[in-house]
Each structure stands twice: as structure tokens, then as C-alpha cells.
Amino acid sequence: MPWNGAEVAAAAEDAGCTAFCTGDFADHDAYLQLSEMAQGVGRAEVGTAIAYAFARTPYAHATAARQIHRNAQAGMFLGFGSGAHRINRDWFAVPANRPVARIKELIGAVRAYLTAENGETVRFAGDFYDITADIRAPVLGRVEVPLFLAGFNAGMAAAAGEVADGIIGHGLFTSRWWNEVVRPAVVRGHDRAGEARPDWRETGWLITAVDDTDPARALLDARRMIAFYLTVRTYDPFVEYHGWREPVDRIRTAFAARDAEGMARAVTDDMLTAIAVAGTVEQARELLTARGGGLPADTVFLSPPSYLVSKRRQREYARASLALIATAPARAASLQK
């Protein structure tokens, strides 16, 4: 993440990767890149992990999915994330109060558009979205696209378990956070839904920086990525849970001062080991093996650091991390670049 192009994808597929994802940020649009991926991948599934949920209407999400789905030979998924409150307010100028309730409705409204048959009026009624789309042209028809939800804190993870087809874990997730916070919350969501979920899927990113020629640089880039993510206050429950308040305060002080090196220095060795897979190939293999049940159960998206990392170096990390595929535990055998 972001998409590293068809050439890297071909090498990844040859190495055994079965899923590719992309996301949103200020310099790349999730659906534009998803369209590139759908046309540049042959055997692998493609999807967003994540598209900013509130930056688009349900109609916009669903229309993009319908068009791109035609070219996704091995299937497609949509992953949504609420985004931080200040991003919705300051970047998108959209309301994002009650984000858990709002995103649950958005998933329902997108699903209504994707499952509508030709001639059927698309209907959804809620507190945030009220849709009556009488689309007379014969352009609808059911599209089978699983909808995933990025669930970081317990409330959003429970929402994923209740209304989505799967969860997307963040690159910051540790084994403890998966096992002690996220998975129990998902079970509570399943219980609220009151129905069996045989096709439920657990996916997530893993910050991965592998470089045999310059492992120190790989470790630095992983630290920078961790630090950048931890500037977001939405993740404070995660910080408190791990007892990382002091180093995170230092990270945020350095971020405010635009001191990227200070941010990286504030990431402790314990934080780096618990979150990322970085260093030489051998070091990364050991870290990946040690994670065991602390990885997403179905699909692990190997995610090269992107904060202050050039596109060229991201591609190099993507290629280098293909050496890790055979190392992954059997329960997390589907990996991506």
C-alpha cells in the first residue's frame, strides 16, 4: 500500500500472493487505484483497505464498485474506514459525529445499492442516510462484493462483527490487541447480529520493511511509519492498553515540531517488535513466525512503510518482502504486496 504497479504485482502473484489492496490518502484515490489493480492483476483478489467511508456517498462507493467489479477476474472486496474525526472535519468538510452508528448505516446503504436487481427501487432508511433511488435504466443487478470494515477500537470492531462481512486490522495491531481486544469485540458484534457468519473474514495490514543490504534503514522506516500512525489520538485506547503513553507523548511533541527523526527515536524497541516486521529477511522471518495467532486469520497485507519513503523504495520493500511468503503461519497464508 499504496499500489506498486503491475510489474510488482506480477512478481507477487508468481510468488504466491493471492490478494492485493489499496487505500485512500491525499495523493492517491482508493477507487482509481482499485481500477488499475483490477486490470493489472490476473489471479489475485483486489480491494480497498481502506476507502474513507464518509468522503463519499453510498451511491459513489457502490457505483465505483459496480464498474470496477467487471474487470476483477478473481473477485473484489470493499473495505471502509471511518477515518479520524479531524480528517473528516478538516479535509473532507463532512459530518462524522457518531462514527460507529454512521458507518454501520453506510455499509447497509452501499449493500442496498449492490444487491438491487434491475427494475427494483433502491431503498434504505436510517438516521444518516435516507435513499429512494428509482433507477429506471437497466443497469443494476446483484453484485457479489463482500464489505469489510476497519475496526481499530473495540466499538468499531464490534460494529464490523455486527454488519460487515469481515474486518480489516490496522498496521499498528499487536498480537495482544488482536487477541484481547479486537477478536472479543467482533464476537460481541456477531452475537448482536444473531446470525451465523460462515463467510466472515479477518484481514489486516502488517508494516513490513525488509532490506538485506541496509537493514538499519528498514528499521528506521518502520519506526517512522509507526510514529506517524501514533500521532492520531483516535488510537489512544491502544496506546494506554500497551502502556506506551510516555513514548507516544514524545512522538507527538516531535511531530508538532516537524522533527521526523525525533519521532522515530521515540519508538521503543518493544513497540517496533510488537508491531512491525522489519530488518533483514532472516530477522523478518523470525518476527513473522513469532506473531503466530497475532496475525489476521485469513489475509495478511504486507504493507511497506510510506511515511517519508519514496515510491522507488516502497517498490523495493514490496519485492523484498516476497521472501517472507513461505514463512507465514498456515492460518495466515494469504499475503499481499
Side-chain angles (χ1 to χ4, degrees), residues 1-3 6 9 18-25 28-83 88 92 94 102-124 126 128-151 159-160 163-168 197 199-201 203-205 298-299 301 334 336:
M1 297 171 58
W3 170 241
T18 61
F20 296 78
C21 72
T22 189
D24 269 326
F25 204 60
H28 52 272
D29 179 274
Y31 289 112
L32 288 176
Q33 289 198 325
L34 181 58
S35 180
E36 291 181 31
M37 291 163 62
Q39 296 179 68
V41 168
R43 303 181 300 277
E45 184 182 35
V46 296
T48 60
I50 58 163
Y52 282 130
F54 307 141
R56 304 170 180 88
T57 64
Y59 168 89
H61 286 293
T63 301
R66 278 186 173 276
Q67 181 168 356
I68 297 167
H69 181 262
R70 300 168 194 156
N71 293 321
Q73 299 177 47
M76 190 178 90
F77 60 89
L78 296 185
F80 304 99
S82 62
N88 286 286
F92 311 147
V94 297
R102 186 182 295 270
I103 205 166
K104 285 165 62 175
E105 282 197 12
L106 180 130
I107 286 177
V110 172
R111 187 175 282 127
Y113 269 112
L114 292 177
T115 58
E117 299 290 354
N118 274 323
E120 178 183 351
T121 298
V122 181
R123 300 182 188 278
F124 184 87
F128 306 100
Y129 302 101
D130 190 358
I131 296 167
T132 306
D134 186 10
I135 301 170
R136 300 295 178 92
V139 295
L140 297 182
R142 190 180 186 92
V143 175
E144 297 293 343
V145 177
L147 306 182
F148 301 159
L149 176 56
V163 303
D165 301 308
I167 192 169
I168 301 169
R197 310 298 290 276
D199 298 324
W200 171 263
R201 289 174 60 185
T203 72
W205 325 333
D298 298 303
T299 305
F301 296 110
S334 178
Q336 169 263 279

Return the [atom1] to [atom2] distance between [X] and [Y], rounded to the nearest 0.5 Å.
{"X": "Thr48", "Y": "Ile168", "atom1": "OG1", "atom2": "CD1", "result": "6.5 Å"}
{"X": "Phe124", "Y": "Asp130", "atom1": "CZ", "atom2": "CG", "result": "9.0 Å"}
{"X": "Thr18", "Y": "Glu45", "atom1": "OG1", "atom2": "CD", "result": "7.5 Å"}
{"X": "Ser82", "Y": "Lys104", "atom1": "OG", "atom2": "NZ", "result": "13.5 Å"}
{"X": "Cys21", "Y": "Phe77", "atom1": "SG", "atom2": "CZ", "result": "5.5 Å"}
{"X": "Leu149", "Y": "Ile167", "atom1": "CG", "atom2": "CD1", "result": "7.0 Å"}

Any heavy-atom pair between the side chains of [Y] and [X] that's under 4.5 Å?
{"X": "Tyr113", "Y": "Val143", "result": "no"}
{"X": "Met76", "Y": "Ile68", "result": "yes"}
{"X": "Thr57", "Y": "Tyr129", "result": "no"}
{"X": "Phe80", "Y": "Val110", "result": "yes"}
{"X": "Leu34", "Y": "Val46", "result": "yes"}
{"X": "Pro58", "Y": "Ile131", "result": "yes"}
{"X": "Arg66", "Y": "Val145", "result": "no"}
{"X": "Asp29", "Y": "Asp24", "result": "yes"}

- [ ] State whether the side chain of Asp165 and the backbone N or O of Phe148 hold a donor-acceptor pair below 3.5 Å, judged by distance alone.
- [x]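 No: the side chain of Asp165 does not pair with the backbone of Phe148.
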- [ ] Would you check if the side chain of Arg102 reaches a backbone N or O of Ala53 as a donor-acceptor pair within less than 3.5 Å?
- [x]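 It does not hold such a pair.
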For [X] versus [Y], what's the shortest heavy-atom pair and its separation?
{"X": "Gly83", "Y": "Asn88", "value": "O-ND2, 3.5 Å"}
{"X": "Thr121", "Y": "Thr132", "value": "CG2-CG2, 3.8 Å"}
{"X": "Ala19", "Y": "Ala44", "value": "N-CB, 3.9 Å"}
{"X": "Ala112", "Y": "Arg123", "value": "CB-O, 3.8 Å"}
{"X": "Leu114", "Y": "Ala65", "value": "CD2-CB, 4.2 Å"}
{"X": "Thr115", "Y": "Glu120", "value": "O-OE1, 4.4 Å"}

TODO: Output yes when Arg136 and Asp134 qualify as a salt bridge under the 4.0 Å nitrogen-oxygen rule, no when they do not.
DONE: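 So Arg136 pairs with Asp134 through a salt bridge.
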Open item on the list: Over 60° means perpendicular and under 30° means parallel, so tell me whether Tyr31 and His61 are parallel, tilted or perpendicular.
Closed with: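 Ring orientation of Tyr31 relative to His61: perpendicular.
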Open item on the list: Is the distance from the ring center of Phe92 to that of Tyr52 below 6.0 Å?
Closed with: yes
Task: More than 12 heavy atoms from other groups under 6.0 Å of OH on Tyr59 - done: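 At most 12 heavy atoms, drawn from other residues, nucleotides or ligands, come within 6.0 Å of this atom.
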- [ ] Look at atom CD of Gln39 and say whether more than 12 heavy atoms of other residues, nucleotides or ligands are closer to it than 6.0 Å.
- [x] yes
Task: Trace of the side-chain contact (heavy atoms from CB on, under 4.5 Å) decision for Thr22 with Met37 - done: CA-CA 9 Å; Thr22 189; Met37 291 163 62; 3.5 Å; yes
